[in-house]
2 protein chains.
Amino acid sequence: MSTPAGPAGEPAPGSRPRGIAFLLSQVGAHAAQRFAERVGELGVSPSDVGLLRLISAEPGRSQRSLAEDLGVVPSRVVALVDALERKGLVERRRSPRDRRNQELHLTAEGARVMAAMPSLAPAHEDEICAPLDREQRALLASLLEALAAHHALAPGVHPGYRRPSS
Amino acid sequence: MSTPAGPAGEPAPGSRPRGIAFLLSQVGAHAAQRFAERVGELGVSPSDVGLLRLISAEPGRSQRSLAEDLGVVPSRVVALVDALERKGLVERRRSPRDRRNQELHLTAEGARVMAAMPSLAPAHEDEICAPLDREQRALLASLLEALAAHHALAPGVHPGYRRPSS
DNA sequence: TATTGTTATACTCTATAACTATA
DNA sequence: TATAGTTATAGAGTATAACAATA
């Protein structure tokens with residue numbers, strides 16, 4: 001470990017330890033950035049991936065429902081889906097039952113991108129966790145799960161869709 | 001804990017565990033967002049705080065040197081410092097020794113904002129770590145320190161200044 | 001009238017390139 | 001010529017408000 005801190009979290013006298021909150025945000029931002037670089041090679045952005053995941057988990061869902069899950073305004077979803085449609089990864093289909101609704105579906109190409117994710121993920125995971133052994137990774141995972149659960153962060157939804165603050 | 005995963009990191013058969021990398025970025029983004037809300041009440045943004053910290057650690061430093069530390073282009077620093085100057089938190093002084101350089105200094109008000117940070121930080125830290133006991137926090141801190149060190153993340157510098165990707 | 005999606009518009013963030021003053 | 005900072009400009013991201021189609 002690189003900074004002088006006591007062996008069990010006691011701050012060494014006179015040294016302000018880096019806070020956990022800052023470390024989380026710092027390391028988390030780094031992980032997100034590397035992820036962006038990796039999926040960028042597939043021609044998609046992290047927000048594209050998140051949207052594709054939600055759509056593939058429940059094909060046919062409406063833009064309105066996505067807006068609610070992501071915590072963004074509906075007009076934002078228009079832009080997000082526009083990007084995906086321009087790339088040929090999703091398709092809008094007017095719902096026959098309520099013609100106000102757009103049903104969102106992955107195209108074959110969109111499905112192919114999603115299919116590539118599981119093979120990309122382990123390398124990413126391994127890069128981020130590189131200095132930790134198996135046991136430490138398990139420990140870290142369970143601590144982070146506890147935090148995510150406590151703060152009510154939904155399993156597949158990244159807070160990065162929501163506007164930073166105001 | 002909220003998701004079905006094996007007791008020691010063995011993924012339960014058939015369940016894809018949330019990756020550590022994703023959890024880090026998710027929880028980290030949440031921590032950053034809450035921090036933004038907290039410091040927002042002091043009238044500053046997280047990037048303001050980061051800049052103030054660097055300047056107060058080494059008063060008189062130049063914009064160029066900040067640009068290098070932050071990993072951004074010099075014109076970006078102009079905007080960042082403009083914001084700080086507009087808020088009356090920092091002062092630009094032409095260096096007498098090399099009149100091309102701006103020496104950056106905190107104003108009294110800027111020093112006051114920085115002085116408020118240490119009293120704000122523990123509440124933030126405690127909110128983020130709420131579900132963890134003392135021992136777990138120490139453990140998490142050391143794991144995160146290891147990751148930060150491995151990925152060469154500098155103690156006070158948030159990757160969020162750097163452009164997401166391209 | 002209420003709801004889904006869309007467009008128009010504006011504001012913020014950030015980069016690139018051209019420019020000014022100084023060395 | 002080279003360097004520190006600045007300005008001009010452009011593009012991405014994201015919100016609000018007004019609007020069209022449908023219910």
Side-chain angles (χ1 to χ4, degrees), chain A residues 29 32-33 36-37 39-40 43-51 55 60-87 90-105 158-166, chain B residues 29 32-33 36 40 43-51 55 58 60-87 90-105 157-166:
Chain A
Q33 191 177 278
E37 287 167 17
V39 298
V44 292
S45 70
S47 47
D48 287 340
V49 174
L51 223 57
I55 295 169
R61 58 183 304 179
S62 71
Q63 297 186 187
R64 174 71 54 169
S65 81
L66 282 181
E68 268 159 30
D69 275 14
L70 297 174
V72 300
V73 294
S75 66
R76 174 90 189 94
V77 178
V78 173
L80 253 11
V81 174
D82 280 352
L84 254 19
E85 209 175 35
R86 222 178 309 117
K87 292 173 186 169
V90 306
E91 215 182 20
R92 284 170 161 115
R93 300 186 201 149
R94 280 285 165 198
S95 165
R97 312 203 303 181
D98 183 339
R99 296 186 34 73
R100 291 172 303 182
N101 275 261
Q102 298 278 24
E103 292 180 353
L104 302 175
H105 295 272
H158 198 281
Y161 287 98
R162 294 206 306 284
R163 217 183 163 296
S165 75
S166 72
Chain B
Q33 191 178 278
V44 291
S45 70
S47 45
D48 287 341
V49 175
L51 223 55
I55 295 169
E58 191 188 328
R61 59 183 303 177
S62 71
Q63 297 185 189
R64 175 70 55 167
S65 81
L66 284 181
E68 268 158 31
D69 276 14
L70 298 174
V72 300
V73 295
S75 67
R76 175 90 190 95
V77 178
V78 172
L80 254 11
V81 174
D82 280 352
L84 254 19
E85 208 175 35
R86 222 179 308 117
K87 292 173 186 170
V90 306
E91 214 183 19
R92 283 170 162 116
R93 300 185 202 150
R94 279 288 165 195
S95 165
R97 311 202 305 181
D98 183 340
R99 295 187 33 74
R100 290 173 303 183
N101 275 261
Q102 298 277 23
E103 291 179 354
L104 302 174
H105 295 271
V157 182
H158 198 282
Y161 287 97
R162 294 206 308 283
R163 216 182 164 295
S165 75
S166 71

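Proteins come first, then strands; the chains are lettered A, B, ... in the order of their sequence lines, and each starts at number 1.
A straight line from CD of A/Gln102 to C1' of C/dT6 spans 10 Å, rounded to a whole angstrom. One atom, CZ of B/Arg93, and another, C1' of D/dA4, lie 18 Å apart when rounded to the nearest Å. In this entry the distance linking CD of A/Glu103 with P of C/dT4 reads 14 Å, nearest Å. In this structure, B/Asp82 atom CG and C/dC13 atom P are separated by 13 Å, rounded to whole Å. Taking atom CG of A/Leu51 as the reference point, atom P of D/dG13 lies 13 Å away to the nearest angstrom. When rounded to the nearest whole Å, the span between CG of B/Leu70 and P of D/dG5 equals 13 Å. Remark: P of C/dT12 and CZ of B/Arg86 are 9 Å apart, rounded to the nearest angstrom. For the pair B/Glu68 CD and D/dA4 P, the interatomic distance rounds to 8 Å; values are reported in whole Å.
Going from atom OG of B/Ser95 over to atom CG of B/Leu104 covers 11.0 Å, rounded to the nearest 0.5 Å. Annotation: the span from B/Leu80 atom CG to B/Ser45 atom OG amounts to 7.5 Å, rounded to 0.5 Å. Atom OH of B/Tyr161 and atom CG of B/Leu51 lie 5.5 Å apart (nearest 0.5 Å).
Checking B/Glu103, B/Glu68, B/Arg92 one by one against B/Gln63, the side-chain contact (heavy atoms from CB on, under 4.5 Å) holds for a single residue, B/Arg92.
Out of D/dT6, C/dT6, D/dA15, the shortest distance to the side chain of A/Val73 is found at D/dA15. Distance from the side chain of A/Ser75 is smallest for D/dA17 among the nucleotides D/dA17, D/dT6, C/dT22.
Scanning both residues, A/Pro159 and B/Gln33, for their nearest heavy atoms gives O-OE1, 3.9 Å.
Nearest-nucleotide mapping onto DNA chain D: of B/Val78 and A/Pro96, the residue sitting toward the 5' end is B/Val78.
Within the 4.0 Å cut-off from OP1 or OP2 of C/dT6, at least one side-chain nitrogen or oxygen of A/Arg92 is found. For the OP1/OP2 pair of C/dG5 and a distance below 4.0 Å, the side-chain nitrogens and oxygens of A/Arg100 include no atom meeting the criterion.
Not a single donor-acceptor contact under 3.5 angstrom links the side-chain atoms of A/Arg99 to the base of D/dT22.
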